[in-house]
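Okay, structure first, notes after.
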Amino acid sequence: MKGYILFFGSFNPIHNAHINIAKTALNTFGSDYKLIFIPSPQNPFKSEEELWQIEKRVELIKAKLKEGGLDAVAEVSLVETTLAKPSYTINSIKKLREIYGETSDFVLLLGEDNLENLHLWKEAESLVNQLRIAVYPRNLVQNKNYKAFAFLSPFCKKHIDRFIFLKGDLYEDSATKIRNIEIGNTPEEWANLLALRGEKAEALRQKSREIKLKTIGDKVYLRGLVEYSNICAKNCYYCGIRKENKNIGRRYQVLEDEIIEAARFAHQEGFGSMVLQAGERQDADHAKKIESIIAKIMKVSNNELGITLSLGEQSKDVYKRWMDAGAKRYLLRIESSNRELYEKIHPSDSLHSFDERLKAIYTLKELGYQVGTGIMIGLPWQTNLDLAKDLEFFRSMSVDMVGMGPYIEHQETPLYAHRAEILPKNERYELCLNVYALLRILMPSINIASTTALASLSPNGREEAIRIAANVIMPNITPYRYRENYFLYQNKLCINESNEDAKQNIEALIERAGCRVAYFEHGDSLKFRKEHGLL
Ligand code: 5AD
Ligand code: SF4
């Protein structure tokens with residue numbers, strides 16, 4: 001290798017003009033040269049939101065190089081992230097010489113707008129003496145004449161032999177244009193946004209993150225999740241603990257003492273609230289038992305622990321009793337707000353009626369619960385328009401929270417027969433992140449949970465959702481001996497011995513997402529607090 005063409009920039013994000021510049025430079029210098037993209041790191045003195053995460057920008061650069069057929073002749077260097085800030089080019093060059101060889105031929109690729117003040121750069125003389133500078137035009141579409149020629153500074157004129165002015169089709173395409181994503185007002189427009197991938201998807205997610213930080217800040221609330229029982233009277237076609245699945249091991253119900261112990265733990269650890277989740281049962285014994293458990297949790301936590309229930313459809317009376325006992329929030333996913341789709345993924349009997357489910361959500365609202373609903377993303381037959389309409393449904397119901405996650409196939413369920421009709425995991429994951437982002441943009445002040453099922457699609461799934469949009473996470477605090485029996489879908493996290501949800505892991509996960517844990521807070525949604533004069 002004869003030399004290296006150094007392309008510094010923020011690449012926030014990389015776009016076609018960068019690729020065209022890179023191609024032109026490579027063509028100009030020939031096959032002995034390699035092009036190095038050197039993205040600038042986040043500047044600690046500037047707001048974090050001005051630049052996208054360096055990891056994301058690098059990922060997009062690599063993807064774009066591949067797409068442009070440049071992956072063999074160009075690479076990315078993270079050298080700038082290792083240097084003190086602000087980073088001066090001369091320092092980066094020194095470091096790059098250590099990496100690529102002290103005597104390597106370096107060509108610095110610069111936009112013409114940099115020439116005017118080049119003499120003010122740190123050690124400018126030394127810089128131009130040790131490398132050549134390839135200049136590309138800016139904001140130039142048809143006119144390929146350089147503005148810079150007419151105004152070339154005395155410094156540049158003095159070193160004119162060091163400059164090479166690139167020619168080529170360097171058409172305009174701006175990072176700003178990519179970042180300024182239009183949201184629109186209709187489900188049809190939203191459906192198009194859900195289909196975005198690559199830099200456009202990142203722009204959508206970044207917009208969501210900015211709105212999230214501006215509206216509700218970087219706090220993430222913890223809810224200790226107890227999967228109270230896998231006994232279920234229903235037969236949803238997608239769910240591993242459906243009544244007719246005889247292959248799920250043991251049916252269990254966590255003992256009351258164990259739940260109280262879990263509540264005490266959550267309370268002491270400052271979780272602020274807990275969630276009781278179980279299969280659906282409408283019998284009187286069950287209702288009574290739950291009522292008693294709620295009262296005991298309230299007692300053991302001095303009425304301090306918030307209680308969220310996720311126990312399916314119940315009569316108004318039962319909902320009321322549970323509320324009187326101390327529960328304040330209720331999660332009841334609509335699963336899909338498209339009636340037709342709902343009916344395809346549930347048996348057609350009165351136990352699985354779409355109307356009843358809808359009615360139950362209304363009842364919960366009427367009783368004054370903070371209501372959460374949600375959907376599964378990536379179901380067979382589900383379209384982007386369905387998902388966009390789900391978001392419209394959340395808005396029209398004015399819900400306080402949303403818990404949604406990917407649909408994950410389960411072998412012992414009827415819907416498994418349609419596994420060939422669902423999106424591959426990576427696509428489902430991308431789609432999920434877009435749905436999270438769009439929901440945050442459309443409902444900035446609600447609570448959004450980063451759900452466990454995301455972890456089945458990507459090891460970073462839960463933290464990505466938090467980085468982008470979510471502000472609630474539900475660490476699993478179900479006693480270990482029950483976990484392998486709460487097997488809603490395949491590859492479910494937390495069913496083996498390692499405690500993925502231990503406090504320090506969750507803290508680290510939230511920190512990686514650029515957020516922080518809010519301990520000892522109930523974590524009512526900003527929307528709820530606003531509507532109830534609690535601000
Ligand atoms: N994949 C993803 N989520 C599932 N749930 C049930 N089965 C699956 C599955 N196969 C979700 C449903 C339900 C919640 C308790 O678990 O949305 O509301
Ligand atoms: Fe039961 Fe809920 Fe599973 Fe349906 S999704 S079978 S109601 S646990």
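Note that ligands are numbered from 1 as they come in the structure, with each ligand's atoms numbered from 1 the same way. The shown structure was predicted, so the numbers you read here are calculated from the model rather than taken from an experiment. We count residues from 1, following the sequence as given.
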Original post:
Should you measure from each heavy atom of Gly279, which atoms of ligand 2 turn up under 4.0 Å away?
Top reply: 8 (S)
Original post:
Side chains of Ser273 and Arg223: is there a donor and an acceptor less than 3.5 Å apart?
Top reply: yes
**OP:** Pull out every atom of ligand 2 sitting under 4.0 Å from any heavy atom of Cys232, numbered as shown with elements.
**Re:** 1 (Fe), 6 (S), 7 (S), 8 (S)
Subject >> Nearest candidate to atom 15 (C) of ligand 1, where distance is taken over non-hydrogen atoms, out of Glu335, Met404, Gln277, Met376 >> reply: Gln277
Subject >> Minimum non-hydrogen distance to atom 2 (C) of ligand 1, winning option of Gly405, Pro406, Ala453 >> reply: Pro406
Original post:
Going by atom types only, do Gln314 and Arg281 share a side-chain donor-acceptor pair under 3.5 Å?
Top reply: no
Subject >> Between Glu227 and Tyr482, a side-chain donor and acceptor under 3.5 Å >> reply: no
**OP:** Show which atoms of ligand 1 fall inside a sub-4.0 Å distance from at least one heavy-atom site of Tyr238.
**Re:** 6 (C), 7 (N), 8 (C), 9 (C), 10 (N)
Original post:
Does any N or O in the side chain of Ser208 come within less than 3.5 Å of the main-chain N or O of Ile468, such that one atom is a donor and the other an acceptor?
Top reply: yes
**OP:** May I ask you to check whether Tyr238 and His346 show a side-chain donor-acceptor distance below 3.5 Å?
**Re:** yes
**OP:** Assess Cys239: does it contribute an N, O or S atom lying under 2.8 Å from atom 1 (Fe) of ligand 2?
**Re:** no
Original post:
Quick one: which ligand 2 atoms are inside 4.0 Å of a heavy atom on Tyr238?
Top reply: 5 (S)
Original post:
Polar-atom distance check: Gly240 versus ligand 1, any N or O pair below 3.5 Å?
Top reply: no
Original post:
Does atom 2 (Fe) of ligand 2 have any protein heavy atom closer than 4.0 Å?
Top reply: no
Original post:
Taking Asp390 for the side chain and Ser336 for the main chain, is one N or O donor matched with an acceptor at less than 3.5 Å?
Top reply: no
Original post:
Under 30°, 30 to 60°, or over 60°: which ring-plane class applies to Tyr319 and Trp322, parallel, tilted or perpendicular?
Top reply: perpendicular
**OP:** Give the atoms of ligand 2, by number and element, whose distance to some non-hydrogen atom of Arg242 is under 4.0 Å.
**Re:** 6 (S)
Subject >> Between Asn485 and Arg251, a side-chain donor and acceptor under 3.5 Å >> reply: no
Original post:
Just how far is it from atom CD1 of Ile448 to atom CG of Leu439, taken to the nearest 0.5 Å?
Top reply: 4.0 Å
Subject >> Nearest protein heavy atom with distance in Å, relative to atom 1 (N) of ligand 1 >> reply: Ile408 N, 2.9 Å
**OP:** Under 4.0 Å, heavy atoms only, figure out whether ligand 1 is touched by the backbone of Arg333, its side chain, both or neither.
**Re:** side chain
Original post:
Within 45° of the six-membered ring axis of Tyr480 and under 6.0 Å from that ring's centre, is NZ or CZ of Arg483 located there?
Top reply: yes
**OP:** May I ask you to check whether Cys236 brings an N, O or S atom to under 2.8 Å from atom 4 (Fe) of ligand 2?
**Re:** yes
Subject >> For Lys234, the ligand 2 atoms whose distance to one of its heavy atoms is below 4.0 Å >> reply: 6 (S), 7 (S)
Subject >> ligand 1 atoms in contact with Leu488 (distance to a heavy atom under 4.0 Å) >> reply: 7 (N), 10 (N), 16 (O)
